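The shown structure was predicted, so the numbers you read here are calculated from the model rather than taken from an experiment. Computation of the quantities below employed the complete heavy-atom set of this structure, encompassing side-chain atoms and omitting hydrogens, waters and symmetry-equivalent molecules. In what follows, chains are A, B, ... by sequence order, proteins preceding strands, each numbered from 1.
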Amino acid sequence: MKKLVILDGNSLAHRAFYALPLLRTTTGYFTNAVYGFTTMLQKIIRQEQPDYLAVAFDAGRITFRHEEYADYKAHRKATPDELRPQFPLIKKVLAAMRIPVLELESYEGDDLISEVVRAAEKKGIQVLIVSGDRDMLQLVTEQTKALITRKGISDLECFTPEGVNEKYGITPSQVADYKGLKGDQSDNIPGVPGIGAKTAVKLLQQFHSVEECLANLDQLTPKMAALLREYGDQALMSKRLATLAQDVPVRIDFADLKMEQPDYEALINIFQQLEFKLLLKNIQEEIPSDIAAPDEGEDFCLIKTKPELVDLIEELKETGEFAFCFERNGISPHSAAVSVLGVAWGDSCVAIAFPEDAKQQGEMLALLDEVLAGPDYVKFCHDAKAELIMCRRHGLDLKGIKGDTMLGAYLLNSSLSNPEIEDLSLKYLDQVVNFAQDETGAAQRALMIKKVWAVLIEALQRDDLADLFYKLELPLSVVLAEMEIQGVKLDLTRLEEMSRRLSKQLLTLTADIYALAGEGFNINSPRQLGQILFEKLKLPVIKRTKTGYSTDAEVLEKLAPLHEIPSKMLEYRQLTKLKSTYVDGLQSLVNTRTGKVHTTFNQTITATGRLSSTEPNLQNIPVRDELGREIRSAFIPSEPGWILMAADYSQIELRVLAHMSRDSRLIADFQHGEDIHTRTAATIFGVAQEDVTADLRRRAKGINFGIIYGITDYGLARDVGVSREEAARYIENYFLQYPGVKRFIEETIREAREKGYVQTLLKRRRYLPDLLSSNRNVRAFGERTAMNTPIQGSAADIIKMAMLRIHKDLQEKSLKTRLLLQVHDELIFELPAEELEPLASLVRSGMENVIELAVPLKVGIETGPNWNDMEGVE
DNA sequence: GTTCTCACG
DNA sequence: ACGTACGTGAGAACA
């Protein structure tokens with residue numbers, strides 16, 4: 001049986017409008033109703049897979065019902081100004097999706113739906129009505145169901161005749177009678193005064209319809225009979241108003257309602273206009289790709305044998321330039337198997353399918369070594385680091401990479417994090433792609449990499465980013481790949497012991513907390529904890545989150561003097577965090593082949609230019625408290641007789657600030673070489689350096705951090721524990737003493753507003769559209785990031801340069817030392833003990849002299865048998 | 001998938 | 001009158 005879905009356009013648009021926040025495009029169009037309607041529509045199409053589909057809209061404000069009753073819908077609020085202009089947009093989306101719109105002057109969408117249902121039933125077509133209006137229930141039959149929104153736009157309830165009866169106690173055909181008796185506030189249908197929902201249902205269960213009620217007045221209570229006698233005509237009129245039209249002058253031709261493929265080009269166009277990024281991405285996945293379709297492109301072929309591969313390699317050597325990509329299907333390059341390699345040169349592309357047999361595969365790969373490892377064969381890829389890891393793992397080298405679309409796109413706009421080639425094809429070539437699922441997909445992908453790179457390199461040169469790309473990021477990807485491949489050894493015995501110890505302690509703590517609470521609950525659920533603390537124990541609410549009570553560490557500390565649970569909870573939280581994230585989490589990520597953890601350093605994630613680390617994140621291993629530090633003891637050298645070395649920049653961000661702001665006082669502070677926070681304290685609190693107490697220093701430290709983050713009096717007050725007024729005075733005084741810093745901040749924000757972006761020392765860019773927001777908070781946030789990004793980002797530039805330099809020095813000096821980790825301002829190495837001295841001086845000078853700033857850069861070096869027990873080296 | 005909490009620089 | 005420090009990633013709960 002064929003299926004038809006018909007949507008009540010007006011009703012659903014209203015629903016969407018009120019359910020979603022007022023979304024707006026950067027160009028000022030309101031789009032929340034369009035967005036809500038579109039997502040609802042797509043979901044229904046996906047779920048129902050209808051054969052026929054249409055959307056009905058009201059047309060004309062005056063309908064035939066007004067002829068009968070002038071006040072029909074008189075109380076209805078006017079459509080809001082933010083919604084009205086969204087209707088034409090919805091219709092544009094529908095046109096692009098090739099979904100017919102049904103409208104008829106002076107009829108409501110409901111009436112058209114009624115007509116369509118009637119016609120469909122005659123033809124034996126199954127119908128599903130989608131609406132937010134329960135009036136639609138009167139159309140429900142065995143053949144026709146109704147999907148009515150319950151709450152918001154995603155909670156829908158499906159009604160069959162039985163369902164209607166169960167829920168309302170009447171049949172679908174009695175809906176109009178019901179409204180005739182009860183009336184309807186929202187449509188201003190009067191009904192019978194004094195008859196509400198209960199009475200109406202009771203009457204209809206007894207007499208089936210309004211007419212029969214009126215014909216049997218003698219069987220009613222005298223009061224009810226009088227009521228119906230007086231308002232009988234009004235009840236009949238109300239019923240007629242509530243009854244959907246029976247004779248709509250329209251002919252339904254089902255051929256016009258057949259589902260069709262959307263006009264993807266038009267749809268992309270309108271989604272782009274409306275800035276529906278997620279929906280764009282979704283249709284991208286849905287669209288059959290037209291590039292290099294394997295069945296029509298004569299340039300395409302699939303390579304499976306050695307002779308074929310030899311021919312290909314000859315061709316590549318002749319061309320001297322190609323794009324490539326190993327298929328990984330989202331699997332980490334540290335563990336993905338080699339299955340398919342996509343290659344593109346000129347206008348051609350091929351996929352190489354590798355045999356599973358290790359020996360045969362090895363032979364095929366060995367053939368490729370010449371072109372992959374040959375530095376003179378120019379290569380482009382998307383994520384050079386991942387490709388290098390794949391190659392190295394299979395015994396191949398990779399040299400001669402001249403383009404990386406992922407890295408390039410990130411440098412052009414650091415707000416794109418880990419962009420996919422599909423996203424870039426849309427952004428830079430206006431081309432929507434959906435690569436084939438089989439081997440041919442890799443070939444298509446390679447070809448797209450080549451095309452996108454041609455555009456990106458132009459853009460990089462235009463924005464003066466080519467140096468940053470070729471001299472820093474691209475070579476850095478090799479260093480990072482080697483760090484990841486090397487991995488870090490963990491003392492598993494130690495972790496297992498910790499895990500057992502923590503389990504035991506947690507068991508005791510949990511029991512204590514339950515006993516104190518007087519009941520068991522899910523101790524990991526902030527919500528349940530909130531109920532215990534604030535409802536059962538009536539402790540004062542310190543802070544709220546969007547959804548309820550806050551129970552974070554700050555709150556628990558304040559509650560600690562009032563009850564025993566909060567401090568126990570703090571301890572519990574600390575221990576579970578250690579156990580689940582670090583002790584157990586790290587163990588589970590140890591690679592079985594190497595016995596080490598191999599993090600991934602993401603080079604294209606952060607908006608500022610920093611790296612990030614995942615699976616595991618080795619940039620947030622505990623250090624601040626003693627118990628947490630124990631985790632670091634489990635990080636050990638991977639060879640006997642080796643040690644670890646940590647080299648960290650001292651105050652690199654403040655030094656960068658001194659350099660960029662050229663503030664003479666801050667520069668002088670650093671040239672003095674003593675503790676910077678003490679000097680800051682002496683300066684802003686107007687005391688001699690010897691008289692700076694620990695507390696004054698702590699406050700000055702807070703101010704120094706605050707300056708880097710984009711200070712506010714509120715934030716500073718919270719951090720150092722003084723009043724907001726006090727904090728405001730500190731800030732004022734700081735800017736008085738360091739006027740160059742103040743000027744730098746103002747100048748940076750002004751320039752950012754003008755250009756739309758800020759820059760680091762190495763010209764890395766971050767665009768800041770928030771600076772132009774009409775929302776004050778968003779704008780203030782933009783201003784803080786505007787001043788923080790050049791500082792954080794330049795510090796990132798500097799340590800990246802240092803990594804390159806040290807990596808090169810290590811190679812040239814043939815040292816055995818390996819760089820393992822970068823944690824934003826520090827580098828971790830493992831080394832044979834005898835290399836300690838040469839390495840310490842190599843690392844120190846590498847890091848300190850990698851760039852000439854207005855202030856010296858200082859590096860602290862420590863070594864030890866693990867990452868915890870470290871001692872300073874002079 | 002989003003929210004809360006918490007680990008790091 | 002309102003909600004704030006900047007940049008990240010992970011685990012658990014809950015919808």
Ion pair A/Glu557/A/Lys543, N-O distance below 4.0 Å: no
Proximity to the side chain of A/Arg632 - top-ranked nucleotide from B/dC6, C/dC14, B/dC8: B/dC8
Whole-Å distance separating the CD1 atom of A/Ile791 from the C1' atom of B/dG9: 14 Å
Interatomic distance where OH belongs to A/Tyr709 and P belongs to C/dC6 [whole Å]: 10 Å
Enclosure of A/Lys701 NZ (heavy-atom neighbours >12, cutoff 6.0 Å): no
Atom pair distance, as rounded to whole Å: CG in A/Asn524 and P in C/dG11: 14 Å
Value in whole Å for how far the P atom of B/dG9 lies from CG of A/Asn620: 9 Å
Test item: side-chain donor near acceptor, A/Ser633 and A/Asn866, under 3.5 Å: no
Nearest non-hydrogen partners of A/Ala796 and A/Gly609, listed with the distance: CB-O, 3.7 Å
Atom P, compared across B/dC4 and C/dT4: separation rounded to whole Å: 11 Å
Parallel, tilted or perpendicular: ring planes of A/Tyr35 versus A/Phe276, cut at 30 and 60 degrees: perpendicular
Nucleotide nearest A/His824 when distance is taken to its side chain, options B/dG9, C/dA5, C/dC6: B/dG9
A/Phe685 and A/Tyr730 aromatic ring geometry - parallel, tilted or perpendicular at 30°/60° bounds: perpendicular
Nucleotide nearest A/Arg610 when distance is taken to its side chain, options B/dG9, C/dA5, B/dT5: B/dG9
Side chain of A/Arg527 - closest among C/dA15, B/dT5, C/dC6: C/dA15
Spacing of A/Asn775 atom CG relative to C/dC2 atom C1', expressed in whole Å: 10 Å
Whole-Å distance separating the CG atom of A/Asn522 from the C1' atom of C/dA12: 8 Å
Intra- and inter-strand pairs of DNA chain C in dot-bracket (Watson-Crick or G-U wobble, both distances under 3.5 Å; | for another strand): .....|||||||||.
